[in-house]
Amino acid sequence: MLARLLRRIIFVLCMAGAVVGYGLVRWDISPVWVAYLLAALAPFVTLFLIVSVSMFKSRTDESANAWWSPLLREYLAGVHVFLLRQPWTWGTPRVLAPTAPAASPKVPVVLVHGYMCNHRTWDDVARALRAAGHTVLAVDLEPLFTSIDRYAPIIDAAVTGLCKQTGTTQVALVGHSMGGVAIRAWMRQHGTDKVARVLTLGSPHAGTQIDARPMTPNGRQMLWKSAWLTELAASESEATRALIRVALAAQDNIVYPQSPQILPGVPTTVFEGIAHMQLCWEPKPIAWICSQLANLAPSQAQPMAQTH
C-alpha cells in the first residue's frame with residue numbers, strides 16, 4: 001500500500017519537473033536536456049526541502065553548526081528509504097534467517113516500522129542483526145492511516161509466528177518512531193509473556209509537535225501529550241517498563257521536543273548529531289541495537305509430551 005502510494009508521488013513529482021522543463025524549452029530559456037534533468041531531480045529536490053523545513057522547525061537553541069551535518073545525513077537516509085527502497089517493495093515481509101553462525105543462540109527479533117514507512121526501513125538493521133546471528137522478521141503496519149491500537153493484531157501475529165518458527169517462547173521487539181508506541185499498545189492488549197526485550201528508537205512517547213492538526217487517527221494519537229499516550233503510559237506497570245530500552249536522536253526532526261521522549265525508570269541512550277531516519281541507518285544506533293540484544297538468550301519452547 002505504501003509502496004504504491006510512494007510510486008505515485010514520485011511519478012507526479014517527475015511529471016511536475018518535466019512540465020517545468022518543457023516550459024523552459026518552449027520559451028527558449030534552456031536546452032531539451034534540462035527538461036529531462038528536472039524530471040529526474042524533482043523527487044530528490046522535494047525531499048531535500050521537506051527535510052530542511054523539518055530540521056529548521058525542530059531545532060533547539062544549539063549552535064547552527066550542530067544541525068548541518070545531521071541535515072545532510074538525514075537527507076541521504078531519506079533518499080535511501082523513501083526514494084530507493086520503500087517505493088520498490090514487492091510482496092510481503094518474510095522471516096529472514098541468520099547469515100552468520102553465532103557462538104550461542106540469539107533471541108529472534110521483530111522489527112516494527114514507523115508512520116508512513118514499511119518494512120524496507122529496516123534493511124540496514126536487519127542485515128546487521130542477521131550477521132550477529134538473529135532470526136529477523138520485519139512487519140508492515142497497514143492500513144497506513146488508522147488507530148495505532150489496530151496494529152496490535154499484526155504485531156501479535158508476527159510474534160506468535162516467529163516464536164513458532166524458531167521454537168522459542170519469547171522475542172525481542174524493535175520499534176522506530178510510531179513503531180515503538182505500537183509495540184507498547186500491543187503489550188497493553190496482549191501482555192509481556194512473549195517479550196524478552198523492547199527497544200524503541202525516536203518514538204513519540206510524549207508525542208510530537210511536528211503537526212498541530214493531524215488529519216489521521218494515528219497522527220492525532222501521537223500529538224504532543226495526547227490523551228491516548230497518557231492513557232498508554234498509565235496502563236504500564238514497572239515490570240513492563242523494565243523490559244524497555246529507549247534511544248533518542250538529539251536532532252530528531254520528526255519527533256520533538258526531543259528530550260522529553262523518555263519513559264520513567266527506563267534506561268535512555270541519546271545519539272548526538274543524528275536525526276530521525278538516521279536511527280535506522282547510521283552505524284552507531286545499529287550497533288546499539290545489536291549490543292542491547294547480544295546477551296539475550298532465547299527461551300526454548302518445551303517439547304510437547306507424546307501420547308501413546
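It should be emphasised that the depicted structure is a prediction, and the values quoted were computed from it without experimental measurement.
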Check the pair L129 / C290 against side chain to side chain contact (heavy atoms under 4.5 Å, CB included), numbers first and verdict last.
CA-CA 6 Å; L129 287 172; C290 293; 4.0 Å; yes
Contact check, side chains of [X] and [Y], non-hydrogen atoms, under 4.5 Å:
X	Y	answer
Q278	L76	no
S235	R184	no
R127	I286	no
D252	T208	no
L71	F48	yes
F82	P87	no
T46	I9	no
V171	L137	no

Tell me if a side-chain donor or acceptor on [X] pairs with a main-chain N or O of [Y] at a distance below 3.5 Å.
X	Y	result
S147	P217	no
K106	T135	no
Q251	A275	no
E74	I274	no
T269	P267	no
N218	L144	yes
S291	W288	yes

Pairwise side-chain hydrogen bond (donor to acceptor under 3.5 Å, both in side chains) hits with a residue in residues 8-26, at least two apart
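Qualifying pairs: Y22-R26.
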Rounded distance [0.5 Å steps], [atom1] in [X] versus [atom2] in [Y]:
X	Y	atom1	atom2	answer
R245	L201	CZ	CG	13.5 Å
R120	L84	CZ	CG	9.5 Å
F44	L49	CZ	CG	14.0 Å
Q209	K225	CD	NZ	9.0 Å
T166	H134	OG1	NE2	12.5 Å
R188	E231	CZ	CD	7.0 Å

Give me the one residue out of T200, L229, I262 that meets side chain to side chain contact (heavy atoms under 4.5 Å, CB included) with H205.
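Going through T200, L229, I262 one by one, the side chain to side chain contact (heavy atoms under 4.5 Å, CB included) with H205 is satisfied by T200 alone.
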If you look at every heavy atom in [X] and [Y], which pair is closest and at what distance?
X	Y	value
N253	S54	ND2-OG, 2.8 Å
A185	W228	CB-CZ2, 4.0 Å
S226	Q221	OG-O, 2.6 Å
T160	K194	OG1-NZ, 3.0 Å
S203	G180	OG-CA, 3.2 Å
V136	A126	CG1-CB, 4.1 Å

With hydrophobic residues grouped by side-chain heavy-atom distances under 4.5 Å, do [X] and [Y] end up in a single group?
X	Y	result
Y36	V25	yes
V255	I148	no
L296	L243	no
Y115	L199	no
I155	V181	yes

Is atom [atom1] of [X] surrounded by more than 12 heavy atoms (other residues, nucleotides or ligands) closer than 6.0 Å?
X	atom1	result
R130	CZ	yes
E142	CD	yes
F145	CZ	yes

Scan side-chain atoms only and decide if H276 and S177 contain a donor-acceptor pair under the 3.5 Å cut-off.
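Looking only at side-chain atoms, S177 and H276 do form a donor-acceptor pair, the distance falling under 3.5 Å.
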For residues T121 and Q86, is any side-chain donor paired with an opposing acceptor at under 3.5 Å?
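On atom types as modelled, these side chains qualify, holding a pair under 3.5 Å.
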Trace of the side chain to side chain contact (heavy atoms under 4.5 Å, CB included) decision for V109 with V125
CA-CA 11 Å; V109 184; V125 173; over 6 Å; no
Should the pair R59 and F56 be classed as cation-pi, given the thresholds of under 6.0 Å to the six-membered ring centre and 45° from the axis?
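Ring-cation test returns yes.
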Could you check Q258 against L248 for side chain to side chain contact (heavy atoms under 4.5 Å, CB included), going step by step and ending with a plain yes or no?
CA-CA 7 Å; Q258 294 87 5; L248 304 179; 5.9 Å; no
Could you tell me how the ring of W281 sits relative to the ring of H80: parallel (under 30°), tilted (30 to 60°) or perpendicular (over 60°)?
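Because their plane-to-plane angle lies in the 30° to 60° range, the rings of W281 and H80 count as tilted.
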Could you check T240 against M187 for side chain to side chain contact (heavy atoms under 4.5 Å, CB included), going step by step and ending with a plain yes or no?
CA-CA 8 Å; T240 296; M187 288 194 293; 3.9 Å; yes
